[in-house]
Every structure is written in C-alpha cells, then in structure tokens.
Student: 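One structure, pasted below without further comment.
FYI, the numbering just counts along the sequence from 1.
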Amino acid sequence: MSEQVEIDFYLDSDEEAFLESWENKYGQLDGEQIEKLYQAMAQDIEEKYKSGEHKLGKKYVYQDIVVGYSDYSAFNNWFLFSSTKK
C-alpha cells in the first residue's frame, strides 16, 4: 500500500446511507468536502489496518459514524465498504 489509498462503496445505497448519517450528525457537505472527508477516511482506515487496529471484513466506524464492513482491492488500492457483510 505505497500509493495513495482511496475508498469506495460497493453500492450507491451504501454510500447514500453513510452520507445521510454523516450529514445528520455533522451537517451538509458539498462535493469538495465529501472528497476531503473520503481522503481523511482513507488515511484513517489505512493506518488502522496497518497497525492491526482494524481487520478487513469488520465494521469500520469513522468519527462515531458507521461506514460499513470493509474490504480491500489491492489492484485499485481501495478500501471498499458495504452495509452488509460480503
């Protein structure tokens, strides 16, 4: 994981559910703010994964908001999230 890591969601509905929860707690976001949030989340999960604090397939929570169950695509260097276990 030497390149910049990114995040993505398996389904649009998973992303919508996360953003709705986030905005209910922290307020509305525009496109640029969402991108910055996702970059911060990518750095956070990468650090937690590397340190052993987070295991793939487990629920990932960022700032008290459930993002989803995590997976990792080595090909794309992405952490992927789903509202249900894959």
Side-chain angles (χ1 to χ4, degrees):
M1 283 187 254
S2 57
E3 302 173 23
Q4 181 177 347
V5 69
E6 295 186 30
I7 68 160
D8 201 0
F9 294 83
Y10 278 108
L11 301 173
D12 289 342
S13 60
D14 294 338
E15 182 174 16
E16 290 167 9
F18 165 73
L19 286 173
E20 182 177 323
S21 295
W22 182 271
E23 290 179 342
N24 284 339
K25 184 165 185 167
Y26 296 110
Q28 295 288 0
L29 298 171
D30 64 26
E32 185 176 320
Q33 291 169 319
I34 292 171
E35 184 63 33
K36 286 180 182 180
L37 172 62
Y38 287 2
Q39 288 171 2
M41 289 168 50
Q43 290 173 349
D44 182 68
I45 194 170
E46 181 180 39
E47 289 170 12
K48 287 179 177 172
Y49 175 72
K50 284 181 174 180
S51 72
E53 188 178 339
H54 179 77
K55 304 283 186 222
L56 295 179
K58 300 293 183 183
K59 197 177 291 184
Y60 172 68
V61 177
Y62 183 74
Q63 294 188 8
D64 299 324
I65 304 292
V66 174
V67 180
Y69 292 95
S70 65
D71 196 0
Y72 180 74
S73 169
F75 180 77
N76 293 317
N77 201 31
W78 289 348
F79 282 94
L80 301 163
F81 300 103
S82 172
S83 61
T84 58
K85 283 192 172 190
K86 295 280 180 194

Student: Listed by chain and number, what are the ring-ring contact (aromatic ring centres under 6.0 Å, His included) partners of F9, not counting sequence neighbours?
Tutor: F18, Y38, F81
Student: Does anything in residues 16-29 form a salt bridge (charged side-chain N to carboxylate O under 4.0 Å, His left out)? List the pairs, not counting sequence neighbours.
Tutor: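 Qualifying pairs: K25-D64.
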Student: Going by salt bridge (charged side-chain N to carboxylate O under 4.0 Å, His left out), name the pairs with one or both residues in residues 51-62, residues two or more places apart or in two chains.
Tutor: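 Every pair satisfying salt bridge (charged side-chain N to carboxylate O under 4.0 Å, His left out) with a residue in residues 51-62: there are none.
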Student: According to side chain to side chain donor-acceptor pair (under 3.5 Å), who are the partners of Y62, at least two apart in sequence or on a separate chain?
Tutor: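 Checked Y62 against side chain to side chain donor-acceptor pair (under 3.5 Å); zero matches.
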Student: Rounded to the nearest 0.5 Å, what separation is found between the CD atom of E35 and the CD atom of Q39?
Tutor: 5.0 Å
Student: Establish whether V67 and Y26 are linked, either directly or via other cluster members, by ILVMFWY side-chain heavy-atom contacts under 4.5 Å.
Tutor: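 Yes, because V67 and Y26 connect within a single hydrophobic cluster, where side-chain heavy atoms sit under 4.5 Å apart.
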Student: Can V61 be reached from L80 by stepping across I, L, V, M, F, W or Y side chains whose heavy atoms are under 4.5 Å apart?
Tutor: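 Result: no, two separate clusters.
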Student: If you measure from NE2 on H54 to CD on E47, what distance do you get to the nearest 0.5 Å?
Tutor: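 One gets 13.5 Å once the value is rounded to the nearest 0.5 Å.
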Student: Mind checking what makes salt bridge (Lys or Arg N to Asp or Glu O under 4.0 Å) contact with E32, not counting sequence neighbours?
Tutor: K36
Student: With sequence neighbours left out, what residues match E6 under side chain to side chain contact (heavy atoms under 4.5 Å, CB included)?
Tutor: W78
Student: Could you give the distance from CD (E15) to CD1 (I34), rounded to the nearest 0.5 Å?
Tutor: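 So the CD of E15 and the CD1 of I34 are separated by 7.0 Å.
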Student: Show which residues join F75 in its hydrophobic cluster (side-chain heavy-atom contacts under 4.5 Å, direct or indirect), or state none.
Tutor: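 F75 shares its hydrophobic cluster with no other residue.
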Student: For residues D71 and S82, determine if any side-chain heavy atom of one lies less than 4.5 Å from a side-chain heavy atom of the other.
Tutor: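 Not in contact.
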Student: Verify the neighbour count for atom CG of D12: are there more than 12 heavy atoms of other residues, nucleotides or ligands below 6.0 Å?
Tutor: no
Student: Is the backbone N or O of Q43 less than 3.5 Å from a side-chain atom of E46, with the two atoms forming a donor-acceptor pair by type?
Tutor: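 Checked: no pair found.
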Student: Taking all non-hydrogen atoms of both residues into account, name the closest pair between N77 and V5 and its distance.
Tutor: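 Looking at all heavy atoms of both residues, the closest pair is O-CG2, 3.3 Å.
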Student: Are F79 and Y60 close enough that their ring centres sit under 6.0 Å apart?
Tutor: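 No, the ring centres sit 6.0 Å or more apart.
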Student: Could you grab the distance from atom CG of L29 to atom CH2 of W22, nearest 0.5 Å is fine?
Tutor: 7.5 Å
Student: Compare every heavy atom of G57 with every heavy atom of Y69, then report the nearest pair and how far apart it is.
Tutor: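 Nearest pair, atom of Y69 first, then G57: CD2-O, 3.4 Å.
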Student: So, for D14 and S83, which heavy atoms are closest and what is the spacing to 0.1 Å?
Tutor: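 Answer, listing the atom of D14 first, then S83: OD1-OG, 2.8 Å.
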Student: To the nearest 0.5 angstrom, please state how far the CD1 atom of I45 sits from the CD1 atom of I7.
Tutor: 8.5 Å
